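Worksheet for the structure shown next.
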Amino acid sequence: MLVLSMNPKQKYGPTALVTGASSGIGEAFARELAEAGFRVILVARRTDLLDKLAHDIESIPGAEALVISADLGKTEDVDRLLEAVESEEIGLFVSSAGFGSSGPFETLSVDSEVDMVRVNCEATVQLTHAIGSKMLHRKRGGVVLIASLLGWQGVPGTATYSATKGFVQCFAEALHTEWKPGGVDVISCAPGPVLSQFDSRANMTISNGVTPETVARQTLAALGKRTTVIPGALSKFLSFALLHCPRALRVAILKKVMDGLTNYGKPHTGR
Ligand SMILES: NC(=O)c1ccc[n+]([C@@H]2O[C@H](COP(=O)([O-])OP(=O)(O)OC[C@H]3O[C@@H](n4cnc5c(N)ncnc54)[C@H](OP(=O)(O)O)[C@@H]3O)[C@@H](O)[C@H]2O)c1
């Protein structure tokens, strides 16, 4: 259950839009926010999963969910999404849609790497601009941008992904300060490993990590209080230790970490 000092629906407004709501962290945010009384708009590509989530949410007395299918790697879908929510009073925006990849950069599909920049960065910018501007006009709102510990430095073996998350981290930090006086809370959520569908799409195996529910709860509890939240005790410790290392050493350490996580060049486990 969501723990905030003030009722978040009263603080931010009636409706929450969550991208990446079909699984993992986005799904956990959608469930938490519906429990907290928000009307939730669920966005991703897999409509069957969104419909199932909407059905679950609507079994909560008084809860309401709207499903919008969109491929955020396509500008026309982002435009269509924004048109569809034009008349909505979105008080909370959670940008969780995203994906990664692993392996030597030159071996990866360039189309997929460019799509990653579009989903993780471009769509985040476009949606935050449109939704956040209206929040500023109303002088209230909350924006949650999902970054990653991998975004604190370049990470060999997941070069494009770490760069996209570095982008999100800088973007969120800057907007946190820009929009605070306008009544809009912006937070970067920078998790370490999370147990979700992320690893299979990124050709990695993550067997130890926090749950998406932990990420959603700790982030919502920190929204309005902090610039960045790092969910989970182990990730907090790791980031504290890493941030005290010279940047080149961090890159070397993270290379070792990625060598352990990626399935690239390893025998197929049948997972
Ligand atoms: N899991 C981790 O270890 C970890 C750590 C740090 C940060 N993160 C970040 O957390 C966020 C959520 O990831 P997760 O762990 O929850 O992984 P996940 O379970 O794979 O969820 C990713 C979500 O993004 C959506 N998505 C992907 N591509 C999309 C596209 N082109 N258009 C619209 N939606 C798209 C997926 O929906 P559809 O496939 O249905 O479109 C899904 O709902 C991502 O930004 C990820 O980079 C994850």
Side-chain angles (χ1 to χ4, degrees), residues 19-20 22-27 29 44-45 71-74 78 94-128 144-173 188-210 212 215 219 228-232 234-235 238-239 242-243 245 247-266 271:
T19 70
S22 60
S23 77
I25 297 170
E27 179 184 344
F29 268 101
R45 293 167 305 173
D71 181 342
L72 299 180
K74 296 185 173 147
V78 180
V94 179
S95 174
S96 188
F99 69 97
S101 62
S102 66
F105 175 65
E106 70 284 2
T107 67
L108 301 169
S109 151
V110 70
D111 289 345
S112 181
E113 296 293 286
V114 170
D115 188 44
M116 190 193 300
V117 177
R118 296 205 171 109
V119 176
N120 296 7
C121 303
E122 278 189 36
T124 300
V125 170
Q126 201 180 343
L127 294 173
T128 304
V144 175
L145 303 177
I146 310 292
S148 169
L149 282 193
L150 296 182
W152 297 123
Q153 62 290 298
V155 181
T158 188
T160 308
Y161 179 70
S162 61
T164 66
K165 292 299 169 178
F167 177 97
V168 174
Q169 180 64 32
C170 292
F171 182 57
E173 282 173 2
S188 165
C189 163
V194 182
L195 301 170
S196 70
Q197 296 177 6
F198 174 84
D199 62 344
S200 62
R201 185 159 182 204
N203 193 25
M204 299 179 195
T205 301
I206 293 177
S207 38
N208 282 314
V210 295
V215 175
T219 304
T228 300
V229 60
I230 300 166
L234 182 62
S235 293
L238 284 176
S239 67
L242 275 174
L243 287 174
C245 292
R247 199 165 171 114
L249 179 58
R250 262 157 49 199
V251 173
I253 292 170
L254 267 294
K255 180 189 180 306
K256 290 269 180 222
V257 172
M258 266 309 297
D259 287 348
L261 291 178
T262 186
N263 296 325
Y264 177 85
K266 292 179 186 162
R271 180 173 179 252

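Position 1 is the first residue of the sequence; numbering continues from there. Remember, predicted model here, so these are calculated numbers, not experimental data.
Legend: residues meeting side chain to side chain contact (heavy atoms under 4.5 Å, CB included) with Val155, ordered by chain and number and at least two apart, are Leu150, Gln153, Thr158, Ser162, Leu254, Met258. Taking Lys255 as the reference, Asp259 meet the salt bridge (charged side-chain N to carboxylate O under 4.0 Å, His left out) condition, with sequence neighbours excluded. For Ser148, there are no side chain to side chain donor-acceptor pair (under 3.5 Å) partners, not counting sequence neighbours. Qualifying side chain to side chain contact (heavy atoms under 4.5 Å, CB included) partners for Cys245, counting only residues two or more places apart in sequence or in other chains: Leu249, Arg250, Ile253. Thr219 is linked by a side chain to side chain donor-acceptor pair (under 3.5 Å) to nothing, counting only residues two or more places apart in sequence or in another chain. Ser101 meets the side chain to side chain donor-acceptor pair (under 3.5 Å) test with Glu113; sequence neighbours excluded. For Thr128, there are no side chain to side chain donor-acceptor pair (under 3.5 Å) partners two or more places apart in sequence or in a different chain. Applying the side chain to side chain contact (heavy atoms under 4.5 Å, CB included) test to Ser22 and every residue at least two apart in sequence or in another chain returns Ala44, Arg46, Leu49, Leu50. Ser96 pairs by the side chain to side chain contact (heavy atoms under 4.5 Å, CB included) definition with Ile25, Val94, Ile146, not counting sequence neighbours.
Side-chain atoms of Pro104 and Pro156, non-hydrogen and from C-beta on, never get closer than 4.5 Å to each other. Residues Cys121 and Phe171 are not in side-chain contact: their nearest non-hydrogen atoms beyond the backbone lie 4.5 Å or more apart. In this structure, Val114 and Val110 have side chains that are in contact, with non-hydrogen atoms separated by less than 4.5 Å. For the pair Val229 and Cys189, the minimum side-chain heavy-atom distance is below 4.5 Å. Two residues are said to be in side-chain contact when any heavy atoms from C-beta on lie closer than 4.5 Å; Pro212 and Val194 meet this criterion. Proximity of Leu261 to Ser102: side-chain heavy atoms (C-beta onward) are nowhere separated by under 4.5 Å. Looking only at side-chain heavy atoms (C-beta outward), Phe99 and Asp115 come within less than 4.5 Å of each other.
The two atoms that bring Pro193 and Ser235 nearest to each other are CD-OG, 4.2 Å, heavy atoms only. The two residues Ala123 and Val78 make their nearest non-hydrogen contact at CB-CG2, 4.2 Å. Here the shortest heavy-atom pairing between Gln169 and Ser188 reads OE1-OG, 2.6 Å. Minimum heavy-atom separation, Ala172 to Leu145: CB-CD1, 3.8 Å.
The CZ atom of Arg201 lies 11.5 Å from the OG atom of Ser196; values are rounded to the nearest 0.5 Å. A distance of 8.5 Å separates CG in Leu234 from CG in Asn208, rounded to the nearest 0.5 Å.
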Would Ser95 and Thr19 satisfy side-chain contact (heavy atoms from CB on, under 4.5 Å), going step by step from the backbone distance to the final call?
CA-CA 5 Å; Ser95 174; Thr19 70; 4.1 Å; yes
From CA spacing to verdict: side-chain contact (heavy atoms from CB on, under 4.5 Å), Val168, Thr164:
CA-CA 6 Å; Val168 174; Thr164 66; 5.6 Å; no
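For residues 145-164, the ring-ring contact (aromatic ring centres under 6.0 Å, His included) pairs, not counting sequence neighbours, are Tyr161-Phe198.
Residues Thr205 and Asn263 bring a donor and an acceptor atom of their side chains to less than 3.5 Å of each other.
The main-chain N or O of Gly260 is found under 3.5 Å from a side-chain atom of Lys266 such that the two form a donor-acceptor pair.
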